[in-house]
Amino acid sequence: MKTIFRILGILLGSLVVLLLIGATFIHFRGIPQYPVNAPEVKVELDSARIARGEHLAAMVCANCHRGDDGALSGRKLFDIPKMFGEIHSANITQHPVKGIGSYTDGELVYLLRTGIKRNGQYSPTYMPKFVHMSDEDIYSVIAYLRSDALAVQAADKATVPCKPSLFTKFLTMTPAFKPFPMPEKPIEAPDRSDEVAYGKYIVHGAVECYSCHSADFTKINTMEPEKSLGYMGGGNTLLDPEGNPVLSANITLHPENGIGNWTLTQFTQAIRTGQRPDGKPLSEAMPKFTVLTDEEISAMWAFMKTIPVSDNKVKRTWEQ
Ligand code: HEC
Ligand code: HEC
C-alpha cells in the first residue's frame, strides 16, 4: 500500500511540476508572432467610399475604438470578461506613432482579414477578424480611416497595451485562436435587393451579431458562423460597465425564449435604443446600433427569420 501511495505521490508531484512548467512557458511566450505578408494595395479615396466607410466604422469599429475624446483613439473594453485579461482597444487615428499613421493600406487589409498586426503580433479574439466583409467594404473602412473626418485625425494618446490572461495566451496555441488565411478569391457583398443574403452579410460579415449572441467566445466558428456553439441562441457572458456579468440574449425567433413574438418595429427599437417591447432597458453590454438604416435592419430581420430556432433559455439580469 505504502509504495502505491508513494508512486502516486511522485506521479502527482511530477504532474504539478509539468503543469507549472507549461504555465510558465505559456506566460513568457505570450501572444505569438507571425510573418506579415501584406498584399500590395493602394486604396483610392473617393467620397462614396469614405461615406460607406464612415457608416461601417460607426456601426462596427467605433463600438470598441471610440475614446472619451469622441475620436477612434481607443479605450478600455469593459465588456470583455476578466478571464481574457485586461483589454484595451488601440488608437486607430492617423497619429504616425501612437495611431496607425504608419500602417500601409495592405497592412491594414492584412490585419482586418488575418488578425496579424503590422508588428507581426497576432490579435486574439477581442479584435475581430472580418473574413466575410467584402473587399470593397474593407477598402471603404480604410478610405475613411485615411480621410479628413474628425474622429480619425491624429490623437496624441498612447494605446494602452492589452494584458492578456494566461487563458488567452493558452488559447492562442489552439486552432480557434490562430490567424485566418488571406482570402484567395475576391469577396463581394450580396446585392441589397436580396434581403436575406444582405441581412446575413451584416449579421455574419459586418456587425457580427452572432459572435456575442452565441454560447461561448472560445467556441466561435468565424469561417462558418452557423457552426458556432449555440449560434444566435445567446448565453455568452459579457460585462456591463460596472463589471457585472450580462448574458447575451437568445435572438432566434423562438416564441418564448427568443424574440419570435417581436415585430420588426420592436426589433428596430431594441437594437437602436436598447429598449425592449416590455419596456425593460437592455444592458450597455448590448451596443446601441443607432446608425443601422431601416433597410439594413429589415434585411437582418428577413435573414433572422430563416435561421434555426434555439430554445435556449437565457437567465436575464431582471430574473436574478
Ligand atoms: C470587439 C472590439 C473591437 C472591434 C469591433 C474592432 N476592434 Fe480593432 N482592436 C480591438 C482591440 C482590443 C485591439 C488591440 C488588439 C491587440 O492589442 O492585439 C484592436 C486593434 C486594432 C488595430 C491595430 C492597431 C495597432 O496598433 O497595431 C487596428 C488597425 C484596428 N483594431 C482596427 C479596427 C477597425 C478598422 C475596426 C472596424 C472595422 C475594428 N478595429 C473593430 C478591438 C476591436
Ligand atoms: C458586444 C456584444 C454584442 C453584440 C456585438 C451584439 N449584441 Fe445584442 N445583446 C448583447 C447582450 C449582452 C444582450 C443582453 C442585454 C440584456 O440582457 O440586458 C443583447 C441583447 C439583444 C437583443 C434583445 C433581446 C431580448 O430578448 O431582450 C437583441 C434584439 C439583440 N441583442 C440583437 C442584436 C443584433 C441584431 C446584433 C447585431 C447587429 C447584436 N445584438 C449585436 C450583446 C451584443
Side-chain angles (χ1 to χ4, degrees), residues 31 53 56-65 72 74-77 79-80 84-85 87-92 95 97-100 102-103 107-108 110-112 115-119 121-130 133 137-138 140-142 144-145 152 159-164 168 199 202-204 206-213 217 232 234-240 245-251 254 257-262 266-272 274-278 280-289 292 296-297 300-301 303-304 314-319:
I31 303 292
L56 285 163
M59 201 155 82
V60 188
C61 325
N63 287 331
C64 292
H65 283 278
L72 297 185
R75 66 171 175 94
K76 184 171 176 196
L77 297 185
D79 56 345
I80 297 194
F84 292 107
I87 308 308
H88 299 261
S89 65
N91 178 345
I92 58 168
H95 195 286
V97 184
K98 296 176 178 166
I100 54 163
S102 51
Y103 263 82
E107 284 167 345
L108 281 173
Y110 196 67
L111 164 70
L112 295 172
I116 302 171
K117 293 186 279 192
R118 180 170 191 261
N119 62 8
Q121 193 188 53
Y122 171 67
S123 262
T125 186
Y126 33 78
M127 164 63 197
K129 288 92 200 155
F130 301 92
M133 200 182 263
D137 276 352
I138 294 260
S140 300
V141 169
I142 295 175
Y144 168 69
L145 293 174
V152 293
T159 294
V160 182
C162 295
K163 296 190 194 78
T168 299
I202 301 172
V203 172
H204 287 182
V207 189
E208 303 196 350
C209 318
Y210 81 91
S211 159
C212 283
H213 280 281
F217 280 121
M232 299 287 263
N236 208 347
T237 309
L238 288 113
L239 300 177
D240 71 9
V246 185
L247 302 181
S248 67
N250 178 344
I251 55 167
H254 190 280
N257 302 341
I259 56 173
N261 290 330
W262 293 22
Q266 291 170 329
F267 173 68
T268 306
Q269 158 133 349
I271 60 177
R272 280 205 190 128
Q275 192 81 37
R276 278 167 45 98
D278 62 6
K280 290 196 178 74
L282 293 170
S283 151
E284 280 180 53
M286 161 70 188
K288 291 188 183 61
F289 295 98
L292 279 169
E296 286 166 335
I297 296 176
M300 289 197 301
W301 190 242
F303 167 62
M304 285 163 66
V314 175
K315 194 151 178 109
R316 310 301 296 268
T317 46
W318 50 87
E319 293 169 346

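Remember, it's 1-based here, ligands and their atoms both numbered in the order they're listed. One is the number of the first residue; the rest follow in order along the sequence. What you see below is based on every heavy atom in this structure, not just the backbone, and it leaves out hydrogens, waters and symmetry mates.
We find the CZ-SG distance between Phe303 and Cys209 to be 9.5 Å, quoted to the nearest 0.5 Å. One finds the NE2 atom of His204 at 7.5 Å from the OH atom of Tyr210 (value rounded to the nearest 0.5 Å). From Asp240, atom CG reaches atom OG1 of Thr317 across 8.5 Å, with rounding to the nearest 0.5 Å. To the nearest 0.5 Å, atoms CG (Asn119) and OG (Ser102) are separated by 10.0 Å.
In terms of protein heavy-atom proximity, atom 17 (O) of ligand 1 is closest to Lys117 NZ, 3.1 Å. Scanning the protein heavy atoms around atom 14 (C) of ligand 2, the nearest turns out to be Leu247 O, 3.5 Å. Looking only at heavy atoms of the protein, atom 27 (O) of ligand 1 is closest to Tyr103 OH, 2.6 Å. Nearest non-hydrogen protein atom to atom 42 (C) of ligand 1 is Tyr126 O, 3.1 Å.
For ligand 2, the atoms sitting less than 4.0 Å from at least one non-hydrogen atom of Leu238 are 1 (C), 2 (C), 12 (C), numbered in the order shown with element in parentheses. In the vicinity of Val60, heavy-atom distances shorter than 4.0 Å reach the ligand 1 atoms 5 (C). With ligand atoms numbered from 1 in the order given, ligand 2 contributes 15 (C), 16 (C), 17 (O) to contacts under 4.0 Å with heavy atoms of Val246. Within the listing of ligand 2, atoms 1 (C), 2 (C), 12 (C), 42 (C) sit less than 4.0 angstrom from a heavy atom of Ala285. Within ligand 1, the atoms closer than 4.0 Å to a non-hydrogen atom of Ile87 are 12 (C), numbered from 1 in the order shown. Counting atoms of ligand 1 from 1 in the listed order, those under 4.0 Å from a heavy atom of Val141 are 35 (C).
Residue contacts with ligand 1, taken as heavy atom pairs separated by less than 4.0 Å, do not involve Leu56 at all. Residue contacts with ligand 2 for Ile259 involve side-chain atoms from C-beta outward but no N, CA, C or O (heavy atoms, distance under 4.0 Å).
Side-chain contact between Ile271 and Met300: present, with at least one pair of heavy atoms (C-beta onward) separated by less than 4.5 Å. No side-chain heavy atom of Lys76 sits less than 4.5 Å from a side-chain heavy atom of Val160. The closest side-chain heavy-atom distance from Pro164 to Tyr126 is below 4.5 Å. You'll find the side chain of Arg118 stays beyond 4.5 Å of the side chain of Tyr110, heavy atoms only.
Evaluation of the side chain to side chain donor-acceptor pair (under 3.5 Å) rule for Lys280 yields Asp278 as partners, not counting sequence neighbours. Judged as a ring pair (Phe, Tyr, Trp, His ring centres under 6.0 Å), and not counting sequence neighbours, Tyr103 has no contacts.
At least one donor-acceptor pair under 3.5 Å links the side chain of Ser248 to the backbone N or O of Asn236. Lys129 contributes a side-chain N or O that, together with a main-chain N or O of Met127, makes up a donor-acceptor pair within less than 3.5 Å. When atom types are taken as modelled, the side chain of His254 and the backbone of Gly260 share no donor-acceptor pair closer than 3.5 angstrom. In terms of modelled atom types and a separation under 3.5 Å, the side chain of Ser89 and the main chain of Arg75 share a donor-acceptor contact.
Between Arg316 and ligand 2, at least one pair of N/O atoms sits closer than 3.5 Å. When only interatomic distances are considered, the shortest N/O to N/O separation between Ser283 and ligand 2 falls below 3.5 Å. Checked against a 3.5 angstrom limit, the closest N/O atoms of Arg276 and ligand 2 fall inside it.
Contact annotation: Leu108 has at least one heavy atom less than 4.0 Å from an atom of ligand 1. In this structure, Val314 falls outside the shell of residues with a heavy atom less than 4.0 angstrom from ligand 2. The closest approach between His88 and ligand 1 falls below 4.0 Å for a heavy atom of the residue.
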Problem - Steps toward side chain to side chain contact (heavy atoms under 4.5 Å, CB included) verdict (Leu282, Arg276) - result: CA-CA 7 Å; Leu282 293 170; Arg276 278 167 45 98; 3.6 Å; yes
Exercise for the section: Please test Leu145 against Leu72 for side chain to side chain contact (heavy atoms under 4.5 Å, CB included), starting from the C-alpha separation and ending with a verdict. Expected result: CA-CA 9 Å; Leu145 293 174; Leu72 297 185; 4.2 Å; yes
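Protein N/O/S atoms found under 2.8 Å from atom 8 (Fe) of ligand 1: His65 NE2, Met127 SD. Neighbouring protein atoms of atom 8 (Fe) of ligand 2 (N, O or S, distance under 2.8 Å, waters ignored): His213 NE2, Met286 SD.
In terms of heavy atoms, Asn261 sits closest to Gln266 at O-OE1, 3.9 Å. In terms of heavy-atom proximity, Phe217 sits nearest to Thr237 at CE1-O, 4.0 Å.
Of the candidates Leu112, Leu111, Asp137, it is Leu111 that places a heavy atom closest to atom 22 (C) of ligand 1.
Within 6.0 Å of the CD atom in Glu284, the count of heavy atoms belonging to other residues, nucleotides or ligands does not exceed 12.
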